[in-house]
Amino acid sequence: MEKKETIILAFESSCDETSVAVVKNGNEILSNIVATQIKSHQRFGGVVPEVASRHHIEQINYCIEDAMKEAQVTFEDISAVAVTFGPGLVGALLVGVAAAKAIAFAHNLPLIPVNHMAGHIYAANFASEIKFPALALLVSGGHTELVYMPKENVFQIIGETRDDAAGEAFDKVGRVMGMKYPAGKEIDQLAASGKDTFNFPRAMEKEDNYDFSFSGLKSAFINTVHHASQVGEELNKADLAASFEQSVVDVLSAKTKKALQNFNVKQLILAGGVAANQGLRKQLDIDLAEFDNIELVKAPLNLCGDNAAMIGAAGYVGYKHQNFADMSLNAEPSLEFDWINE
Ligand code: KG4
Ligand code: ZN
């Protein structure tokens with residue numbers, strides 16, 4: 001393999017997927033191994049941090065081997081090592097950080113620290129090259145935010161959830177409906193055959209800011225289900241799912257449109273686990289038809305959830321900007337984007 005190419009070995013272990021990828025020039029996936037632990041956490045109804053760390057340790061070396069083998073590269077071919085160092089579960093993050101540091105040290109390679117949320121945004125780079133200025137609607141299990149990117153490597157959070165993240169609301173509501181964790185996909189599938197008959201609240205939809213709130217919706221949903229079970233009324237599950245999803249989608253769509261009206265951007269990027277939501281993808285297609293010259297870039301469906309390929313894509317930007325860490329790199333569970341003024 002020619003050395004001119006930038007080949008990044010990337011690590012992701014912030015939550016419940018152990019993932020190692022080999023990414024060429026920030027936009028070509030040579031391999032993307034994802035070992036999911038979901039089954040181990042399902043019986044607890046959520047991710048158990050200690051269980052997650054143990055699984056990461058068991059899996060990480062196999063993931064490295066498989067990723068290198070599938071990509072047909074050796075350590076000689078690697079230009080740099082990129083790793084998620086936050087936000088996430090500290091014990092989970094530490095496994096990826098330790099593995100990345102060990103490889104960078106042993107092979108004398110630059111070490112690139114990557115913010116997990118920047119990684120989610122850069123998953124979109126595999127669909128279409130990210131162009132600036134851009135706005136990202138970032139919706140995952142832990143975060144819901146609108147991020148303005150005036151230029152490469154600058155991330156400004158202009159709005160975010162004041163309570164639950166969108167994915168968290170999907171998961172909590174799913175639990176009440178007797179679904180397995182994480183419930184987002186199942187609710188999405190069920191919603192496709194239902195109608196918005198319950199008309200749940202659209203919190204903060206009309207407020208003059210870019211923030212979100214989903215806890216009121218969650219409570220309204222739970223109250224509706226509990227009340228029905230107390231009076232022995234059978235509710236239509238598909239309609240419940242569709243009503244909940246429509247409420248989330250309407251609020252995300254309203255605030256995103258408001259931001260698009262006020263920020264002059266070339267692209268809207270949709271990323272994060274909840275970006276796989278079909279209702280949301282369709283709604284943004286409709287919304288963007290109102291905006292001339294703004295391209296909608298949706299993270300590919302198979303790269304919306306946590307994976308190391310997205311870390312490799314974001315790591316490539318860090319590589320270009322020589323944003324390197326030394327061996328003192330530590331996990332930062334509460335890592336946030338630094339607000340950099342232009
Ligand atoms: O980004 P991600 O994989 O992990 C975090 O960084 O949080 O997001 C996981 C979240 C879960 O809450 C899951 O229920 C949700 O994404 N999710 C969905 C869909 N697929 C996954 N939510 C709604 N619709 C989907 N199709
Ligand atoms: Zn994530």
Side-chain angles (χ1 to χ4, degrees), residues 117 120-124 126-128 134-147 157-161 163-174 177 179 182-196 198-205 210-218 221 238-261 265 267-291 294-307 310:
M117 302 315 291
H120 272 302
I121 293 175
Y122 272 87
F126 295 110
S128 180
L135 181 77
L137 173 60
L138 204 41
V139 271
S140 74
H143 292 76
T144 296
E145 52 204 29
L146 277 163
V147 185
I157 298 181
I158 59 164
E160 62 193 326
T161 182
D163 38 60
D164 292 355
E168 192 181 351
F170 269 95
D171 297 339
K172 286 180 178 167
V173 157
M177 291 177 84
M179 293 173 181
K185 193 174 177 183
E186 199 177 335
I187 293 183
D188 194 14
Q189 285 165 344
L190 195 56
S193 59
K195 283 199 181 70
D196 179 7
F198 289 90
N199 202 16
F200 289 123
R202 270 84 172 142
M204 299 177 69
E205 192 183 18
Y210 306 113
D211 288 341
F212 307 97
S213 165
F214 296 107
S215 72
L217 165 62
K218 179 191 65 188
F221 184 99
D239 288 349
L240 264 178
S243 302
F244 169 79
E245 182 166 299
Q246 196 56 52
S247 179
V248 173
V249 167
D250 281 354
V251 175
L252 292 173
S253 152
K255 292 296 169 86
T256 304
K257 280 205 281 188
K258 186 192 276 288
L260 290 177
Q261 277 150 7
V265 295
Q267 289 180 337
L268 171 69
I269 294 163
L270 174 64
V274 183
N277 186 268
Q278 292 305 318
L280 180 59
R281 289 171 96 89
K282 275 187 208 137
Q283 184 61 48
L284 291 184
D285 279 333
I286 296 166
D287 291 349
L288 268 282
E290 289 173 28
F291 294 88
I294 301 181
E295 183 193 1
L296 174 61
V297 186
K298 295 175 246 179
L301 270 184
N302 62 331
L303 299 177
C304 286
D306 293 346
N307 67 86
M310 69 187 197

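Just so it is clear, the model here is predicted, and its values are computed rather than measured.
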Minimal non-hydrogen separation, [X] against [Y], with atom names:
X    : Y    : answer
A166 : V139 : CB-CG1, 4.3 Å
A123 : P300 : O-CD, 3.3 Å
R281 : C304 : NH1-SG, 3.7 Å
Y210 : F212 : O-CE1, 3.6 Å

* To do: Tell me, with the steps shown, if K282 and V249 meet side chain to side chain contact (heavy atoms under 4.5 Å, CB included).
  => CA-CA 10 Å; K282 275 187 208 137; V249 167; over 6 Å; no
* Is it true that the side chains of D164 and S215 contain a donor and an acceptor less than 3.5 Å apart? -> no
Distance-only, no hydrogens or angles: does the [X] side chain make a donor-acceptor pair with backbone N or O of [Y] under 3.5 Å?
X    : Y    : value
K255 : M204 : yes
D239 : G194 : no
S140 : G273 : no
D211 : T161 : no

Side chains of [X] and [Y] in contact at under 4.5 Å (non-hydrogen atoms):
X    : Y    : answer
L301 : Q278 : yes
F200 : L240 : yes
K185 : F170 : no
L303 : M310 : no
L190 : M177 : yes
L284 : L252 : no
L296 : F291 : no
L138 : I157 : no

Pairwise distance [atom1]([X]) to [atom2]([Y]) - rounded to 0.5 angstrom:
X    : Y    : atom1 : atom2 : result
D188 : E186 : CG    : CD    : 11.0 Å
L135 : L146 : CG    : CG    : 5.5 Å
H143 : H120 : NE2   : NE2   : 9.0 Å
Q189 : N277 : CD    : CG    : 10.5 Å
E245 : Q283 : CD    : CD    : 10.5 Å
Q267 : L288 : CD    : CG    : 10.5 Å

* To do: In plain terms, say whether R202 and D196 are close enough for a salt bridge, that is, a side-chain N and a carboxylate O under 4.0 Å apart.
  =>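 A salt bridge links R202 with D196.
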